[in-house]
*Asks:* 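This structure is in structure tokens; I'll ask about it shortly.
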Amino acid sequence: MFAHIFFYRFKCLIRDKQLVFWTLLFPILLGTFFYMAFSNLNDEESFHPIHAAVVPSGNSHYDASFVEVLRSVSKGKNRLFTMKTAASQAEADRWLKAGKIDGYFSSGETIQLTVNESGLNQSIMKSFVDQYRTNSAAVAQIAKDNPNALQNGLLQDLSDRRSYVKEVSGSGAEPNNVLNYFYVLIAMACLYGSFWGSKEIMDIQADQTERAARINTAPIHKLKAFIAGSLAALLILFTEILILLAYLRFGLKIDFGPRAGFVVLTALLGSILGISFGAFISAVVKAGEGLKIACLIFVTMAGSFLSGMMYQNMKYIVSQHVPLLSWLNPVNLLTDAFYALYYYDNLYRFALNAGMMVLFIIVFCAGTYLIIRRRKYARL
Amino acid sequence: MPVFKVCLKIFRKNWLSVSIYIVIFLAIALLISATSVSERPTTFSQKKARVAFIAEEQTPLVKGFRKELSRSTTIVALPDQSEKLQDALYFRQVTYILRIPKGFTESVLSGGKMQLEKTVVPNSIENTYVDLNVDQYWNLARLYAAHDPGISQNGLASRLRANLSGTTPVVMKTENAAKTSDSFSMFYFNFLAYTLSAVLIMGISTAMMVFRRRDLRMRHYCSPLKQANVTMQLLAANLLFAGASWAVLVGFCFLLDPQSIVTMNMLYFLINSLLFTGCIASLSYLISTVLKSLNAVSAVCNLITLGTCFISGVFVPQEFLNSTVLKIASFTPTYWYVQANTRIAKLTHFSWDHLAPSLYSMLIMLAFTGAFIAIALVIGRRQQATN
């Protein structure tokens, strides 16, 4: 009997095209849009040689050394600038106005910088000139303190610049913050699975749908029917989430870190969480289907917003200022589990999230059970 | 005008699903307006990278270094816990974590090879920027240590402070930038594309689909009204709805950013958004002729609005999108709307030469409008014939 109900519930659920659209196709399409819109965002952060120009003053005493230094940092693959020499200030102005350069240096006794805006590239240009100026000041000061320094290779030492920083990696993974959008998306898809859970409750409470009334007249234990139906819903949702994961991983090449087994386990936990959450809300909210759906959408979307779906720093802001909310938001628990699997070498944070999810599942299942058990109907 | 009145009644019945979009839009607009700077700076101010500074030793030089570094960076106080630091880096609360190991100062002064440790967003602009400033300080310290023997650490720190003080004169050419360039109004009008699309498709498509019901159409046929009259009434109701939506949404911009009203750019923003409204209204009409079920409206509406807005530069500016995506997007009116908007925002002169590219984009939008109407009419005729 159990298998029979399971099979027919499965058929019944999978024929709901609207639900299949919202729980499978919509996340896949949204993921594709994310991918199209965000694929270049990381590149925008990276450093590209700055387009700059220099306007010589005509006085070789000032020009020669400055232009020489500029040339030395405008060579090679790791160059700081892509440098052009302007014939006149008017020409440099034209380039600046047309957006061909980020700014230009005017050589002379005091080197001057001309820019359009206060951006990072312009700040790097300014730091570069500051450096040139402070080097001269330091050499003058040292020569004053110790006149022999100039003979002892002071200028040689000055041009022999050393790098005083080395990069150490904080973790095995790059801090690629665009990934968070995709993690929230999967979390959202899991929570959209709550529609399936809600449907299960609607179809088991005889006062809510005709199908439920029919099932209640059948000589079978209500809990058995409910568990069979819920497992059918879980099978559908988990398959959908796996399809979504496979699409993101292999189609869009989204990085989930090296622990594939744990990622699938998170997807399973997320699916159970989604179904049990939907069942719980649907059991608590007694009013019509519209209000139940509205509640589910509201919680899912608010949870997604707080986990950084629309503004990624929101997740960080919440975790810093209202940490309790991060732990009570099921969307954030799922997002954070994926994030921890990708970004952290140890599994401590993942385990915390997974544990919290299990706790939520227990609460939702127990709550649902207590509400729908032993319900009798005087008439249908 | 019974048809007109019924149409308005449907709009009113539908107000909840439509107003959700407006409320979300307004909330986001308020958030942006609260964080956006209304006055454009006229003088140059150095950008500051966000840095986490963790020192394992507190020598006079390290203290001096921290002070100097704070001129080009904002030092964010974070606890020295790897999880907290990693989180902050991932969410860009800091873009550079700098750790000064014990014994570093001694190593620099004695010409050793010890290095500071940084954890960064790889290859980022801030990485280059902070490196430049860090290296400068310690290179000068090395220079002094090698050529000014006998100088104490305190003396060295004050020498460096004196050397590094002062600043390079920077001229900022503000006349090159329009008042509305990157302003709140530009973001507002770009984002308007999303809300306007959602509101119009939800409103118009739903109402028109009701009128496409077979029994309702048959009722119209046997009424004493001419078909042309019915069509005109429907058109008037839809135009009223579209116009009202446009007016409401644009009206909020005037409230939130009153400074932009007086600019010429605003006039063109308005024309552009009005043309876009017309275009999406005709698209909504087309959608209603194609769809068979009312339940599908919300799915199609979400797909079309989110899809076009993501790839056309409404949520992420067009300059950040890759060229293939933009090529695909150019087959949607939203792309041309955003492009015209961005161009208008940058205008400082309004001669024909300067305006032409924006007007060209608007013209393409008009062509889309014509095409949508034509296709909808053809489909409508066919449906009529088969019925």
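Chain A is the first sequence line, chain B the second, and so forth, proteins listed ahead of strands; every chain is numbered from 1.
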*Asks:* Any donor-acceptor pair under 3.5 Å linking the side chain of A:Tyr343 with the backbone of B:Gln86?
*Replies:* yes

*Asks:* Under a 4.5 Å heavy-atom cut-off, does chain B meet the side chain of A:Asn176, its backbone, both or neither?
*Replies:* backbone

*Asks:* If you count heavy-atom pairs within less than 4.5 Å of chain B, which of A:Asn121, A:Thr114, A:Thr32 leads?
*Replies:* A:Thr114

*Asks:* Tell me which of these, B:Asn127, B:Leu85, B:Val134, B:Asn302, has more heavy-atom pairs under 4.5 Å with chain A than the rest.
*Replies:* B:Asn302

*Asks:* So which part of A:Lys315 gets closer than 4.5 Å to some heavy atom of chain B, the side chain, the backbone, both or neither?
*Replies:* side chain

*Asks:* Okay, side chain of A:Gln131, backbone of B:Leu132: is any donor-acceptor separation there less than 3.5 Å?
*Replies:* yes

*Asks:* Under a 4.5 Å heavy-atom cut-off, does chain A meet the side chain of B:Leu303, its backbone, both or neither?
*Replies:* both

*Asks:* Decide yes or no on side chain to side chain contact (heavy atoms under 4.5 Å, CB included) for B:Tyr90 and A:Leu179, but give the supporting numbers first.
*Replies:* CA-CA 10 Å; B:Tyr90 187 93; A:Leu179 292 176; 3.6 Å; yes

*Asks:* Begin with the C-alpha distance, continue with both residues' side-chain angles, and end with the deciding distance and a verdict on side chain to side chain contact (heavy atoms under 4.5 Å, CB included) for B:Gln93 and A:Asn313.
*Replies:* CA-CA 9 Å; B:Gln93 294 310 298; A:Asn313 282 359; 3.6 Å; yes

*Asks:* Parallel, tilted or perpendicular for B:Phe91 and A:Tyr339, by the 30°/60° rule?
*Replies:* tilted

*Asks:* Determine, stepwise, if the pair B:Asp87 / A:Arg349 fulfils salt bridge (Lys or Arg N to Asp or Glu O under 4.0 Å).
*Replies:* CA-CA 12 Å; B:Asp87 279 352; A:Arg349 178 127 154 210; 2.9 Å; yes

*Asks:* Below 4.5 Å from any heavy atom of chain B, which atoms of A:Phe305 appear? Answer side chain, backbone, both or neither.
*Replies:* neither

*Asks:* Return the option, out of A:Tyr344, A:Phe47, A:Tyr164, with the maximum number of heavy-atom pairs under 4.5 Å with chain B.
*Replies:* A:Tyr164

*Asks:* Ignoring hydrogens and geometry, is there a side-chain-to-backbone donor-acceptor pair from A:Ser123 to B:Lys47 under 3.5 Å?
*Replies:* yes

*Asks:* Under a 4.5 Å heavy-atom cutoff, which of B:Gly313, B:Ala162, B:Ser312, B:Gly307 has the most pairs with chain A?
*Replies:* B:Gly307

*Asks:* Tell me whether B:Thr119 contacts the main-chain N or O of A:Val168 through its side chain, where contact means a donor paired with an acceptor under 3.5 Å.
*Replies:* yes

*Asks:* Using non-hydrogen atoms only, which part of A:Leu30 is less than 4.5 Å away from chain B: side chain, backbone, both, or neither?
*Replies:* side chain

*Asks:* State the OG1-NZ distance between B:Thr168 and A:Lys126, to the nearest 0.5 angstrom.
*Replies:* 5.5 Å

*Asks:* Run B:Tyr144 and A:Gln141 through side chain to side chain contact (heavy atoms under 4.5 Å, CB included) and show every step you take.
*Replies:* CA-CA 9 Å; B:Tyr144 271 101; A:Gln141 181 65 48; 3.2 Å; yes

*Asks:* Determine the option with the most heavy-atom pairs under 4.5 angstrom with chain A, choosing from B:Ser124, B:Cys309, B:Ala329.
*Replies:* B:Ser124

*Asks:* I want to check something: taking the side chain as every heavy atom from C-beta on, are A:Arg161 and B:Gln136 in contact at a cut-off of under 4.5 Å?
*Replies:* yes

*Asks:* In terms of heavy-atom proximity below 4.5 Å to chain B, should A:Leu120 be classed as side chain, backbone, both, or neither?
*Replies:* both

*Asks:* How long is the gap from OG on B:Ser165 to CZ on A:Arg133, to the nearest 0.5 Å?
*Replies:* 7.5 Å

*Asks:* Salt-bridged, A:Arg162 to B:Asp135, with N to O below 4.0 Å?
*Replies:* no

*Asks:* Pick whichever of B:Thr43, B:Leu164, B:Ile311 has the most heavy-atom pairs under 4.5 Å with chain A.
*Replies:* B:Leu164

*Asks:* Does any backbone or side-chain atom of A:Asn148 lie under 4.5 Å from a heavy atom of chain B? Answer side chain, backbone, both or neither.
*Replies:* neither

*Asks:* A:Ser118 side chain to B:Gln46 main-chain N or O, any donor-acceptor pair under 3.5 Å?
*Replies:* no

*Asks:* I'd like to know if the side chain of B:Gln115 reaches the main chain of A:Ser163, judged simply by a donor and an acceptor atom lying under 3.5 Å from each other, with no hydrogens or angles considered.
*Replies:* yes

*Asks:* Can you tell me if B:Asp148 uses its side chain to pair, donor with acceptor, with the backbone of A:Ile142 under 3.5 Å?
*Replies:* no

